[in-house]
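Worksheet for the structure shown next.
Residue numbers count from 1 along this sequence. Note that the structure is a prediction, hence the values are computed from the model and not measured.
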Amino acid sequence: MPKSISFGDKTLSINSCIDLQSNDDKNYDRFLNSKSLKSNSLCDFKVNILIENLSEDLPKGYKTEHEKYSLKISEDGKATINSKYGMGAIRAMDTLAQLISTNKSGSTLDFLPIDINDEPRYPYRGFSLDASREYYPVETIKKIIDGLRISKINTLHLHLSDDDTIPVQFPSYPEMVKYTAFTDEEIYTVDDLKDLVKYAKESGVKIIPEFDVPGHTRAVGLYPPLEKIMTCKEKFYPKKMPDGQTIVGGPAFSVLNPTLDDTYEFIANIIKDLLDIFPDADFYHLGGDEVNTSGCWTNEPQIQEFMKENNMTTGSELFAYFNTRLRETLEPILQQANNGVELIHWSNSFGIDWDEGSLLQFWGNEDKIPTLIESYPNHKHIISPNNKFYFDCGTGNKYGAAL
């Protein structure tokens, strides 16, 4: 339901015709395609869109006012949309589409006059798509973006790397994708991803790219020049399927070596590429979950020697070293980008000393949320409990209730 709504009892036939005008140059007609409405200045049903700030389609950050709008429709079919930003106008157009009834006889507007004032309760409302364990064609992802827009979900979190594949053709490593994708056809080029960014922006949807480190990185080691920065690549090998290398659940099967300079050079190059591909992103997701420190780090002779030289005795200490050095590596890159981006980390484990103020995304069971907040009281959180929101492992019914 909108934040506030008032309505009457009148019905207006609009004859599948709309006169849509706005004070910017965006094509808002496409948001009514599902209603089969033809745009014509001679139509009786007139919609006027007035946007206050024309310089920012998707403003930086997440504030509810970015999507705030008012929609007023009179009894005689005159509609006015007012919003501060283009995102609000897009949300209003989708609301308008929901108000139009279409059948074989034409289209009608019911319950006129209507006065709606709306803005979201939560500034961040996201949908995560795993494009590593499963390949989705660009056109399919665009359909998903359409669904997010209609549902007023404002963020698409793209999980672009994992043990299974890295389907992205990164400019810094243009040959890597030949080894790390499922097939030569199942890859995302830079142009593909920039096309998605543009399409999402026009739909009022932001994209957050994720490259998971240091765990969930076995695919990195499939590329021969980078095999040297991997640990336990063959030790915990995934199940092999007839159509390729596929991991079905379970923890990460390979981890980047945190003691090597080449590891941080690799991550830095990936981040530089992501900054170019997703220049307007508010956040860049670096994973950080399910790191097998005992099986992949502390049992490696070379890493044991490094830990001894640096007075470390536990995998947790080494993980803290990795996070500190990662931050030191990326800070100048992010500062040079000068777009105010922040990093996101997975937070299913509560013993990690994340930087105060970091944005943490929780994917564990909902009953662990109080422990999460208690463990990280000074952090911002994205809550996505797997038992409620994960399509592959949720246990609720189709309405989210426990079975």
Side-chain angles (χ1 to χ4, degrees), residues 131-133 158-181 187-190 193 208-236 238 245 247 252-279 281 283-293 295-297 300 302-303 306-307 310 315 318-337 341 343-346 355:
S132 171
R133 295 185 179 97
L158 277 180
H159 183 75
L160 294 172
S161 69
D162 217 289
D163 294 299
D164 305 68
T165 75
I166 300 172
V168 178
Q169 189 172 35
F170 286 101
S172 295
Y173 303 94
E175 299 297 310
M176 182 171 71
V177 74
K178 296 179 181 179
Y179 298 84
T180 61
I187 67 172
Y188 301 112
T189 66
V190 169
L193 293 176
I208 294 177
E210 178 187 354
F211 195 96
D212 203 343
V213 296
H216 290 276
T217 49
R218 186 186 66 85
V220 173
L222 298 177
Y223 182 45
L226 294 176
E227 189 173 5
K228 61 185 177 182
I229 68 174
M230 304 307 305
T231 64
C232 65
K233 176 171 172 282
E234 306 295 337
K235 188 174 180 181
F236 300 103
Q245 296 161 327
I247 299 170
F253 282 81
S254 198
V255 184
L256 296 174
N257 189 326
T259 71
L260 303 178
D261 293 341
D262 288 343
T263 295
Y264 301 96
E265 179 183 355
F266 167 72
I267 298 173
N269 288 335
I270 293 297
I271 289 298
K272 289 176 184 177
D273 288 346
L274 290 177
L275 283 167
D276 177 66
I277 299 170
F278 301 91
F283 302 105
Y284 294 83
H285 204 309
L286 288 181
D289 64 333
E290 296 183 313
V291 179
N292 190 340
T293 58
C296 294
W297 281 356
E300 293 278 341
Q302 178 267 325
I303 294 179
F306 177 90
M307 293 177 67
N310 289 273
L318 187 55
F319 194 26
Y321 167 85
F322 170 82
N323 285 328
T324 298
R325 187 161 177 192
L326 179 65
R327 182 180 66 251
E328 293 172 349
T329 300
L330 297 182
E331 272 184 353
I333 298 172
L334 297 177
Q335 288 174 358
Q336 186 175 4
V341 301
L343 299 178
I344 302 176
H345 306 279
W346 290 112
D355 291 340

| About how many Å separate CG of D289 and NE2 of H345, when rounded to the nearest 0.5 Å? | 11.5 Å
| request: For the pair D162 (side chain) and D164 (backbone), establish whether a donor and an acceptor sit closer than 3.5 Å, ignoring hydrogens and angles. | output: no
| request: Under the side-chain contact (heavy atoms from CB on, under 4.5 Å) rule, what do V190 and Q169 come out as? Steps first, then yes or no, please. | output: CA-CA 7 Å; V190 169; Q169 189 172 35; 5.8 Å; no
| When the ring planes of W346 and H285 are compared, do they come out parallel, tilted or perpendicular, using 30° and 60° as the limits? | tilted
| request: Would you please classify the geometry between the Y223 ring and the Y173 ring as parallel, tilted or perpendicular, with 30° and 60° separating the classes? | output: perpendicular
| By ring pair (Phe, Tyr, Trp, His ring centres under 6.0 Å) - contacts of F211 (at least two apart) | F170, F266
| message | Any side-chain to backbone donor/acceptor pair from T231 onto C296? Under 3.5 Å, distance only. | response | yes
| From CD1 (I270) to CG (L330), nearest 0.5 Å | 11.5 Å
| Counting only N and O atoms by type, is there a donor-acceptor contact under 3.5 Å from the side chain of S132 to the main-chain atoms of L160? | no
| task | Mind checking the CD1-NZ spacing from I277 to K272? Nearest 0.5 Å is all I need. | result | 14.5 Å
| Intermediate values then yes/no, side-chain contact (heavy atoms from CB on, under 4.5 Å), Y321 and L318 | CA-CA 5 Å; Y321 167 85; L318 187 55; 4.1 Å; yes
| Of the non-hydrogen atoms in G288 and P214, which two are nearest, and what is the gap between them? | CA-CD, 4.4 Å
| note | Looking only at heavy atoms, the pair that brings K228 and L260 closest together is O-CD1, 3.5 Å
| So which heavy atom on T217 is nearest to which on M230, and how close? | O-CE, 3.2 Å
| remark: Of all heavy-atom pairs linking Y264 and L326, the shortest is CE2-N, 4.0 Å
| said: With side-chain contact (heavy atoms from CB on, under 4.5 Å) as the criterion, how do T189 and V177 come out once you've worked through the C-alpha distance, each side chain's angles and the decisive distance to 0.1 Å? | reply: CA-CA 10 Å; T189 66; V177 74; over 6 Å; no
| field | I333: which of I267, L275, N269 passes side-chain contact (heavy atoms from CB on, under 4.5 Å) | value | L275
| message | Please report the interatomic distance CD(E210) to NE2(H216), rounded to the nearest 0.5 Å. | response | 8.5 Å
| E265: partners by salt bridge (charged side-chain N to carboxylate O under 4.0 Å, His left out), with sequence neighbours left out | none
| Residues two or more places apart in sequence or in another chain: which of them pass ring pair (Phe, Tyr, Trp, His ring centres under 6.0 Å) with H159? | none
| field | E175/K178 salt bridge by N-O under 4.0 Å criterion | value | yes
| So, Q302 and N257: side-chain donor and acceptor under 3.5 Å apart, yes or no? | yes
| task | Would you check if V220 and I166 make a side-chain contact, meaning some heavy-atom pair closer than 4.5 Å? | result | yes
| message | Nearest 0.5 Å, please: how far is CZ in R327 from CG in L334? | response | 12.0 Å
| said: Would the distance check show the side chain of D273 and the main-chain N or O of S172 forming a donor-acceptor pair, the cut-off being under 3.5 Å? | reply: yes
| said: Main chain of D212, side chain of S161: is a donor-acceptor contact present, judged purely on distance under 3.5 Å? | reply: yes
| Would you say W297's side chain and L256's backbone share a donor-acceptor pair under 3.5 angstrom? | yes
| Which heavy-atom pair separates V291 from G215 by the least distance, and what is that distance? | CG2-N, 4.1 Å
| Minimum-distance pair of heavy atoms, taken over all atoms of S254 and D163 | N-OD1, 3.7 Å
| If we only count heavy atoms from C-beta on, is the I208 to Y284 side-chain gap below 4.5 Å? | no
| Heavy-atom side-chain proximity of F322 to T259 below 4.5 angstrom | no
| said: Can you tell me how far apart CG (L158) and CG (L274) are? Round to the nearest 0.5 Å. | reply: 10.5 Å
| query | Should P224 and Y179 count as side-chain neighbours, where that means a heavy-atom distance under 4.5 Å? | reply | yes
